[in-house]
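The structure presented is a predicted model; accordingly, all values stated were derived computationally and were not measured. Throughout, a chain's letter reflects where its sequence line sits, starting with A, and its residues are numbered from 1.
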Protein chains: 2
Amino acid sequence: MDEPKPTPRTLADPSATTAAAFVTDAVDRGALVTCFGRCTVEYEGRAASELAPGDRHVMLKPDGTALVHTDEGQKPVNWQPPGCEHDARVGDDALVLESTRTSPDERLVVSVSDVALVAAFDPTDDESIELVGTEADLKRRILADPALLEPGFTPLATERDTPAGAVDIYGEDDEGRTVVVELKRRRVGPDAVGQLHRYVEALERDLHTDAELRGILVAPSVTERAKALLAEEGFEFVPLTPREE
Amino acid sequence: MDEPKPTPRTLADPSATTAAAFVTDAVDRGALVTCFGRCTVEYEGRAASELAPGDRHVMLKPDGTALVHTDEGQKPVNWQPPGCEHDARVGDDALVLESTRTSPDERLVVSVSDVALVAAFDPTDDESIELVGTEADLKRRILADPALLEPGFTPLATERDTPAGAVDIYGEDDEGRTVVVELKRRRVGPDAVGQLHRYVEALERDLHTDAELRGILVAPSVTERAKALLAEEGFEFVPLTPREE
DNA sequence: GTTTGGATATCGGGA
DNA sequence: TCCCGATGTCCAAAC
């Protein structure tokens, strides 16, 4: 036998009844279901929303995820996170797709008045993605070559805990002064300076030290406002990217 | 004539050559294209990633968005934001879907070795979504009834600009003291306290005032760590949700 | 379970 | 365009 192939099943322009039976069966089988057609969408939960009729693409995943996509944008216009229960039925001459969950109580209802296509797939995907260029990579770069931060820098700990949260890298400069390092994989704004500020303050209290700690922000670049805040707080900036140039 | 219906076209188990021609034509027409099958995915841009063969669902939108979904999770495993150019071709006996953009330079390549189904839709969707329960709703609640914050509170401005960013609500209490209000639509952690801290500091400098400003965080609830930080900084907390209970 | 902070975050508004 | 903060953020790791 050949290597197993995904087995799609599709229905074009089905009636609401036919489509509901098809989707119910597919969801029960643990298939990934897609549906395209004219529909309205209601959501009620952490927030609430309504969407007037339009052509959209609906995806129901076997893990309980529901996604409603329009022809624009990267984010679904409505969705439901993993862990929901999917249900398909006929209501008011339309195919009604409902995904619900508890804690928090949330409900997504898609009412498809004109079903253009429904399709069901049985996907198998055991592979996991390998991603590089993250903040973890930036940390590894510095730990592998601490001089990238500055000559004489010695890392003492990573993820050192403080009352304000964990410090990315904690170490010492060549004169024995304590250094708090905050890492960001991309250009930083004022929020990152606030974060560094919290850590330095917390660590100064934690260490009962009179000596002032050095705070260093490491990122590819920094906005003007963040640069001004850094200067005000007496912090430093070291330009560095997560990946070797 | 009937009201226009979405016009799907599909191909089940096509050859790579047939599928490439189909997708090229559909993309040129401005259609929304989906493809399900066994594929590998490469991404290179802000970060970089590789994904070994598995069954996935690919969506190409007419606005240049590309999404690759597995059977799990709400987020696509790989994607490309709006504004990309889609291209379909045959390479190495596979259907190759490539979405690229510049500034930043990014490239997503999906190589589908077994195409189970390709489908094309011509969606029309002029409707926009109505969402309630946002931070803007929380602001409207307080401005409509300032006593919700505290008796005697008088809002003076919203989005008041400071060197550290815009303050959500800026006002005065019943004793004439300046009040800085930061709003959050949901339970808040330490980051929100840091944000409030930045605004209060910036405004104190901006106003050249000796009097201490009051900082108030408004949210449905607050974490323990954030509560401790609030106390340390001398800030206050007012529990309030974006929607009436 | 909650909390915390990263993310190829995405998205919209404003300058 | 960049900058900035909200998001039904999502998500995983730590606790």
Side-chain angles (χ1 to χ4, degrees), chain A residues 43-49 65 67 72-82 101 103-108 129 131-139 159 161 164-168 182-192 194-195 198-199 221-227 242-243, chain B residues 43-49 65-68 72-83 101 103-108 129 131-139 159 161-162 164-168 182-192 194-195 198-199 221-227 242-243:
Chain A
Y43 156 73
E44 169 79 35
R46 287 164 291 176
S49 70
T65 302
L67 304 169
E72 288 185 339
Q74 177 172 340
K75 273 183 59 177
V77 65
N78 274 115
W79 67 91
Q80 202 67 294
R101 66 165 178 161
S103 128
D105 270 319
E106 292 201 298
R107 204 167 69 103
L108 179 72
I129 193 165
L131 183 64
V132 298
T134 64
E135 185 180 295
D137 292 314
L138 179 55
K139 187 195 292 181
E159 305 304 324
D161 207 38
V167 170
D168 283 337
E182 173 64 25
L183 307 174
K184 292 294 169 193
R185 64 170 300 281
R186 65 171 193 175
R187 183 172 174 84
V188 292
D191 54 334
Q195 209 177 338
R198 287 211 321 273
Y199 296 152
S221 62
V222 62
T223 67
E224 280 307 311
R225 189 174 276 177
K227 193 196 281 185
R243 304 156 77 189
Chain B
Y43 157 72
E44 167 80 36
R46 287 163 291 177
S49 71
T65 302
L67 304 169
V68 182
E72 290 185 337
Q74 176 171 345
K75 274 185 58 178
V77 64
N78 276 114
W79 68 89
Q80 201 67 294
R101 67 165 179 160
S103 130
D105 271 318
E106 293 201 297
R107 204 168 69 102
L108 179 73
I129 192 163
L131 184 64
V132 299
T134 65
E135 184 181 298
D137 292 313
L138 179 54
K139 186 194 292 181
E159 306 303 326
D161 208 38
T162 76
V167 170
D168 283 338
E182 173 64 25
L183 307 174
K184 293 294 170 195
R185 65 172 300 282
R186 64 171 193 174
R187 184 172 173 82
V188 292
D191 53 334
Q195 206 177 339
R198 289 210 320 273
Y199 296 154
S221 62
V222 63
T223 67
E224 281 307 310
R225 179 117 79 182
K227 192 195 281 184
R243 306 156 78 187

| Derivation of the side chain to side chain contact (heavy atoms under 4.5 Å, CB included) call for B:D191 and A:Q195 | CA-CA 7 Å; B:D191 53 334; A:Q195 209 177 338; over 6 Å; no

| query | Going through the checks in order, is the salt bridge (Lys or Arg N to Asp or Glu O under 4.0 Å) test met by A:E159 and A:K139? | reply | CA-CA 11 Å; A:E159 305 304 324; A:K139 187 195 292 181; 2.6 Å; yes

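Which of D:dT1, C:dG5, C:dT10 sits closest to the side chain of A:R198 comes down to C:dG5. Of the candidates C:dT2, C:dG6, D:dG5, the closest approach to any side-chain atom of B:R187 belongs to C:dT2. Listed candidates were D:dG8, D:dC11, D:dT1. Nearest to the side chain of B:S103 is D:dT1. With D:dC4, C:dT8, D:dG8 as the choices, the nucleotide that has an atom nearest any side-chain atom of A:T223 turns out to be D:dC4. Taking the side chain of B:D168 as heavy atoms from C-beta on, and the options D:dG8, C:dA7, D:dA6, the nearest nucleotide is D:dA6. Looking at the side chain of B:K75, the nearest of the listed nucleotides C:dA7, D:dG8, D:dC11 is D:dC11. Distances were taken from every side-chain heavy atom of B:A47 (C-beta onward) to each of C:dT10, C:dT8, D:dC4; the shortest belongs to C:dT8. Nearest nucleotide to the side chain of A:W79, out of C:dT3, C:dA7, D:dC10: D:dC10. Nearest nucleotide to the side chain of B:P82, out of C:dC11, C:dA7, C:dT4: C:dC11. Nearest nucleotide to the side chain of A:E135, out of C:dT3, D:dG5, C:dA7: C:dA7.
Contact annotation: A:R185 does not reach the phosphate of C:dG6 (side-chain N/O to OP1 or OP2, under 4.0 Å). Dashed line: the shortest gap from a side-chain N or O of B:R225 to OP1 or OP2 of C:dG5 is not under 4.0 Å. Residue B:Y199 has a polar side-chain atom (N or O) positioned under 4.0 Å from OP1 or OP2 of D:dG5. Note on B:R46: a side-chain N or O is less than 4.0 Å away from OP1 or OP2 of C:dT10.
Remark: the separation of the C1' atoms in D:dA14 and C:dT8 is 24 Å, to the nearest Å. Using P as the reference atom, C:dC11 and D:dC11 are 15 Å apart when rounded to the nearest Å.
Among the protein residues, B:P104 comes within range of no part of the nucleic acid, since none of its heavy atoms lies under 4.0 Å from any strand. Within 4.0 Å (heavy atoms only), B:E44 reaches no atom of the nucleic acid at all. Residue B:Q195 is classed as a sugar-phosphate contact, given heavy-atom separations below 4.0 Å to backbone atoms only. Within 4.0 Å (heavy atoms only), A:G133 reaches no atom of the nucleic acid at all. Heavy atoms of A:A164 sit under 4.0 angstrom from primed sugar atoms or phosphate atoms, though from no base atom. Counting non-hydrogen atoms under 4.0 angstrom, A:S49 reaches nothing in the nucleic acid.
Heavy-atom contacts from other residues, nucleotides or ligands closer than 6.0 Å to CZ of A:R107 number 12 or fewer.
For the pair A:R186 and A:G165, nearest-nucleotide mapping onto DNA chain C gives the more 5' position to A:G165. Nearer to the 5' terminus of DNA chain C, by closest-nucleotide assignment, is the contact made by B:N78 (compared with the other of A:E72 and B:N78). The 5' end of DNA chain D is approached more closely, in terms of each residue's nearest nucleotide, by A:Y43 than by the other of B:Q74 and A:Y43.
A donor-acceptor contact under 3.5 Å is formed by the side chain of A:Q80 with the base of D:dG8.
In this structure, a donor-acceptor pair under 3.5 Å is present between the side chains of B:S221 and B:R187. Looking only at atom types and distance, the side chain of A:E106 has a donor-acceptor partner in the side chain of A:Y43 under 3.5 Å away.
A pairwise comparison of heavy atoms in A:P82 and A:T65 identifies CG-OG1, 3.3 Å as the closest pair.
Here the P atom of nucleotide C:dT8 and the CG atom of A:L138 are 14 Å apart, to the nearest Å.
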